[in-house]
Amino acid sequence: MMKKLILVFAAIMLMMTGCGTTEKQKSSDQPKTEETKKEQVTVQITKDNGKEKVTEKKVDIAEETTVMDVMKDNFEIETQFDDSFISSIEGIAGNEQDKTSWFFSVNGEEAMKGAKEITLKPGDTVEFDFHKYE
């Protein structure tokens, strides 16, 4: 949604700069340099300790973006315990009977805090895996 808004705004700005070829050249070069500066993280969603891949996305982040922000903005999720625990991703939900749940790590290190408490940095990799617990 935000991306579309920015693109529409950029298009309007381009139209408003007039028809001077030098001006147009400068404005059309601008977004390309912006493009390469995008700050992204990779989110991988898997099952059974990585054996089955559900999806993987590269996601743009802003400053102070948490794991929970990224998940809410880019995936279909359900949460529990006052939004601090992700119980379902893309329609796959854990249950106590099967002793299954979602577990996540950032850059290969198992998360020791909730998804709302971990702030991401550009280049981070977030892995959510759905598997049995003991």
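No hydrogens, no waters, no symmetry mates; every other heavy atom, side chains included, goes into these values. Quick note: residue numbers are just sequence positions, from 1.
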For Met112, the rest of its hydrophobic cluster, which grows through side-chain links under 4.5 angstrom: none

Residues in side-chain contact (heavy atoms from CB on, under 4.5 Å) contact with Thr66, at least two apart in sequence or another chain: Met68, Asp69, Thr119

Partner residues of Glu78 under the salt bridge (charged side-chain N to carboxylate O under 4.0 Å, His left out) criterion, sequence neighbours left out: none

Under the ring-ring contact (aromatic ring centres under 6.0 Å, His included) test, residues paired with Phe130 that sit two or more places apart: Trp102

Residues that Lys53 engages under salt bridge (charged side-chain N to carboxylate O under 4.0 Å, His left out), provided they are two or more places apart: Glu56

Inter- and intrachain pairs under salt bridge (Lys or Arg N to Asp or Glu O under 4.0 Å), touching residues 82-94, at least two apart: Lys72-Asp83

Ala93: side-chain contact (heavy atoms from CB on, under 4.5 Å) partners, not counting sequence neighbours: Ser88

Selection residues 107-117 - residue pairs positive for salt bridge (Lys or Arg N to Asp or Glu O under 4.0 Å), sequence neighbours left out: none

For Phe103, the rest of its hydrophobic cluster, which grows through side-chain links under 4.5 angstrom: Tyr133

Any residue meeting salt bridge (charged side-chain N to carboxylate O under 4.0 Å, His left out) with Asp73, in chain and number order, not counting sequence neighbours: none

Chi angles and distances behind the side chain to side chain contact (heavy atoms under 4.5 Å, CB included) call for Ile86, Phe104: CA-CA 10 Å; Ile86 296 173; Phe104 78 100; over 6 Å; no

For Thr55, side-chain hydrogen bond (donor to acceptor under 3.5 Å, both in side chains) partners two or more places apart: none

Co-members of Phe81 in a cluster of I, L, V, M, F, W and Y side chains, linked at under 4.5 Å: Phe85

